[in-house]
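Counting begins at 1 with the first residue of the sequence.
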Amino acid sequence: MRRKRISLLLLPLAAVIVFFAVWGPETLAEYRDKDVLDKINTKEVETDTEGYRYSLSGNEKLFILSKCLNNQILPESEQNAMTRMDSGNLDYQELTGTYAMVINRKDSAGQEVSSKKGIELCNQGVEELKELGVLPESIKTLAERSYSAVQYSAIDVPEPRNNVLVWKISLNTGKQNANRENRLLDAYVDADTGKIYEFYARTDITNWEDVDADSMIQIWAEYMGLGEPEECADVNPLSETTPYFKKYVFGGMEDGNTIVTIGFYEGINELFLKISR
């Protein structure tokens with residue numbers, strides 16, 4: 001009698017177990033789906049939004065940009081304005097080789113950027129260099145309507161993770177007799193930091209003797225986060241189109257160096273700091 005009673009008690013338990021075995025997984029799945037389907041769920045994850053853009057030192061970035069610029073044939077100064085070309089009309093997409101400059105209309109996070117951003121960054125860099133004494137105080141603030149700004153990626157083609165995002169800033173000189181007095185003419189500006197890699201500017205300086213190139217290169221090197229410069233030895237006096245210049249060497253990548261030149265065109269009072277070329 002006792003055994004029969006136990007058996008009767010186990011029957012409902014067995015029925016419950018069979019029910020959950022058959023219908024339980026499906027019911028549980030439906031319950032979970034209700035919490036997931038037709039809802040937007042977010043989760044924070046670590047991701048590299050900058051693609052293959054690795055962290056580079058100041059010397060490495062300078063070296064890569066100088067190599068890329070050496071692959072271009074562009075006028076280097078307003079002193080030869082008749083041969084000047086508008087970099088915005090050049091197509092760099094077809095360039096091949098070890099180093100290349102490629103137009104890039106997005107920032108390091110992949111977002112579209114306007115030329116206004118480049119002008120703003122350049123103005124920031126100009127103000128910094130004026131405070132440091134690298135550029136004269138007389139240099140005017142850049143007006144957006146007077147300048148063009150094109151963003152480029154300077155790429156080490158065999159190692160594309162080694163690249164530098166820069167703005168090429170140019171004074172619009174299409175108008176006849178455009179005023180260049182105390183204006184920045186050209187510059188390459190780091191798109192991430194706003195630091196100015198090179199520039200050409202019309203100034204109120206009238207003599208090369210008034211330019212302290214050694215002090216200027218030291219201040220600029222510290223501003224750019226570079227190592228100590230060394231003065232170039234055995235410089236060809238015909239390497240520039242002006243007799244007033246000094247060249248310096250900075251360490252680069254894989255035993256390669258970068259040449260930085262500070263120079264001046266008397267008569268038009270044009271001061272420049274350029275990398276290689």
Side-chain angles (χ1 to χ4, degrees), residues 48-53 55-56 58 61-62 64-66 68-69 72 74-78 81 84-93 95 100-132 134-155 163-203 220 223-225 270-275:
D48 185 4
T49 58
E50 297 190 13
Y52 54 66
R53 297 188 71 239
S55 178
L56 298 169
K61 293 168 76 172
L62 189 74
I64 291 169
L65 180 58
S66 72
C68 291
L69 293 178
Q72 300 181 78
L74 293 175
E76 297 165 272
S77 170
E78 284 290 335
R84 190 169 184 75
M85 295 156 47
D86 182 359
S87 64
N89 294 328
L90 297 178
D91 182 8
Y92 293 91
Q93 299 290 344
L95 285 179
M101 291 284 284
V102 180
I103 291 177
N104 187 342
R105 305 191 188 281
K106 297 184 178 181
D107 61 18
S108 58
Q111 302 298 315
E112 293 283 342
V113 291
S114 67
S115 59
K116 181 179 179 180
K117 178 63 175 178
I119 303 297
E120 291 174 350
L121 280 173
C122 191
N123 269 325
Q124 171 188 311
V126 167
E127 290 305 313
E128 286 186 74
L129 292 183
K130 285 164 67 173
E131 290 177 6
L132 293 170
V134 174
L135 280 173
E137 285 290 338
S138 60
I139 298 299
K140 299 175 182 178
T141 300
L142 281 67
E144 186 178 352
R145 66 181 181 276
S146 301
Y147 285 83
S148 64
V150 181
Q151 188 172 242
Y152 293 96
S153 284
I155 302 173
N163 66 95
V164 186
L165 196 61
V166 296
W167 284 97
K168 172 67 165 66
I169 309 296
S170 301
L171 178 67
N172 296 327
T173 56
K175 295 181 179 179
Q176 190 174 9
N177 299 321
N179 183 14
R180 299 175 177 83
E181 185 178 354
N182 289 316
R183 291 181 181 271
L184 186 77
L185 304 177
D186 289 292
Y188 278 98
V189 183
D190 192 289
D192 294 320
T193 66
K195 302 292 186 182
I196 296 180
Y197 287 101
E198 73 170 46
F199 64 80
Y200 289 83
R202 291 287 176 89
T203 71
W220 178 81
Y223 154 83
M224 292 297 299
E270 186 169 319
L271 177 68
F272 66 85
L273 184 153
K274 68 174 184 176
I275 53 178

S.K.: Go through Arg183 and Ile139 one step at a time and tell me if the side chain to side chain contact (heavy atoms under 4.5 Å, CB included) criterion holds.
M.R.: CA-CA 5 Å; Arg183 291 181 181 271; Ile139 298 299; over 6 Å; no
S.K.: State, without any angle test, whether Asn172 and Tyr147 hold a side-chain donor-acceptor pair at a distance under 3.5 Å.
M.R.: no
S.K.: Working to the nearest 0.5 Å, report the span between CG of Leu271 and OH of Tyr200.
M.R.: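 Rounded to the nearest 0.5 Å, the CG-OH separation comes to 10.5 Å.
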S.K.: Please set out all donor-acceptor pairs under 3.5 angstrom arising from side-chain atoms of residues 116-128, sequence neighbours excluded.
M.R.:
residue, atom, partner, partner atom, Å
Asn123, OD1, Leu142, N, 2.8
Asn123, ND2, Leu142, O, 3.1
Gln124, NE2, Thr193, O, 3.2
Glu127, OE2, Lys130, NZ, 3.4
Glu128, OE1, Lys195, NZ, 3.1

S.K.: Do Thr203 and Glu270 come within less than 4.5 Å of each other through their side chains, counting heavy atoms only?
M.R.: no
S.K.: Determine whether Leu171 and Ser146 make a side-chain contact, defined as any pair of heavy atoms from C-beta on separated by less than 4.5 Å.
M.R.: yes
S.K.: Name the residue from Val150, Leu65, Asp192, Leu69 that meets the side-chain contact (heavy atoms from CB on, under 4.5 Å) definition with Val166.
M.R.: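 Looking at Val150, Leu65, Asp192, Leu69, the match for Val166 under the side-chain contact (heavy atoms from CB on, under 4.5 Å) is Leu65.
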S.K.: Going by the rule side chain to side chain contact (heavy atoms under 4.5 Å, CB included), which residues pair with Val134 if we only count those two or more places apart in sequence or in a different chain?
M.R.: Leu129, Leu132, Phe199, Met216, Ile219
S.K.: How long is the gap from CZ on Arg202 to CZ on Phe272, to the nearest 0.5 Å?
M.R.: 12.5 Å
S.K.: Does the side chain of Val113 reach to within under 4.5 Å of the side chain of Arg105, using non-hydrogen atoms?
M.R.: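 In short, these two side chains do not touch, never coming nearer than 4.5 Å.
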S.K.: Report the C-alpha separation of Gln151 and Val102 in whole Å, then their side-chain angles, then the decisive distance to 0.1 Å, and conclude whether the side chain to side chain contact (heavy atoms under 4.5 Å, CB included) test is met.
M.R.: CA-CA 9 Å; Gln151 188 172 242; Val102 180; over 6 Å; no
S.K.: Can the ring centres of Tyr197 and Tyr188 be said to be less than 6.0 Å apart?
M.R.: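 Not close enough - the centres of the two rings lie 6.0 Å or further apart.
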S.K.: Are the side chain of Trp220 and the backbone N or O of Ile196 linked by a donor-acceptor pair below 3.5 Å?
M.R.: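 Yes; at least one donor-acceptor contact below 3.5 Å.
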S.K.: If you measure from CD on Glu181 to OG on Ser138, what distance do you get to the nearest 0.5 Å?
M.R.: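 Answer for the CD-OG pair, Glu181 versus Ser138, is 8.5 Å.
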S.K.: Assess the side chains of Asp186 and Ser170: does a donor N or O sit below 3.5 Å from an acceptor N or O?
M.R.: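 A donor-acceptor contact under 3.5 Å links the two side chains.
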S.K.: Considering only heavy atoms from C-beta outward, does the side chain of Glu198 approach that of Lys274 to under 4.5 Å?
M.R.: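 Sidechains of Lys274 and Glu198: in contact.
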S.K.: Just verifying a value: how many Å separate Ser115 OG and Trp167 CH2, rounded to the nearest 0.5 Å?
M.R.: 6.5 Å
S.K.: Which heavy-atom pair separates Cys68 from Ile155 by the least distance, and what is that distance?
M.R.: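 Looking at all heavy atoms of both residues, the closest pair is SG-N, 3.5 Å.
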S.K.: For Ser114, what residues pass the side-chain hydrogen bond (donor to acceptor under 3.5 Å, both in side chains) criterion, not counting sequence neighbours?
M.R.: none
S.K.: Carefully, step by step, assess Leu185 and Arg180 under the rule side chain to side chain contact (heavy atoms under 4.5 Å, CB included).
M.R.: CA-CA 7 Å; Leu185 304 177; Arg180 299 175 177 83; 4.0 Å; yes
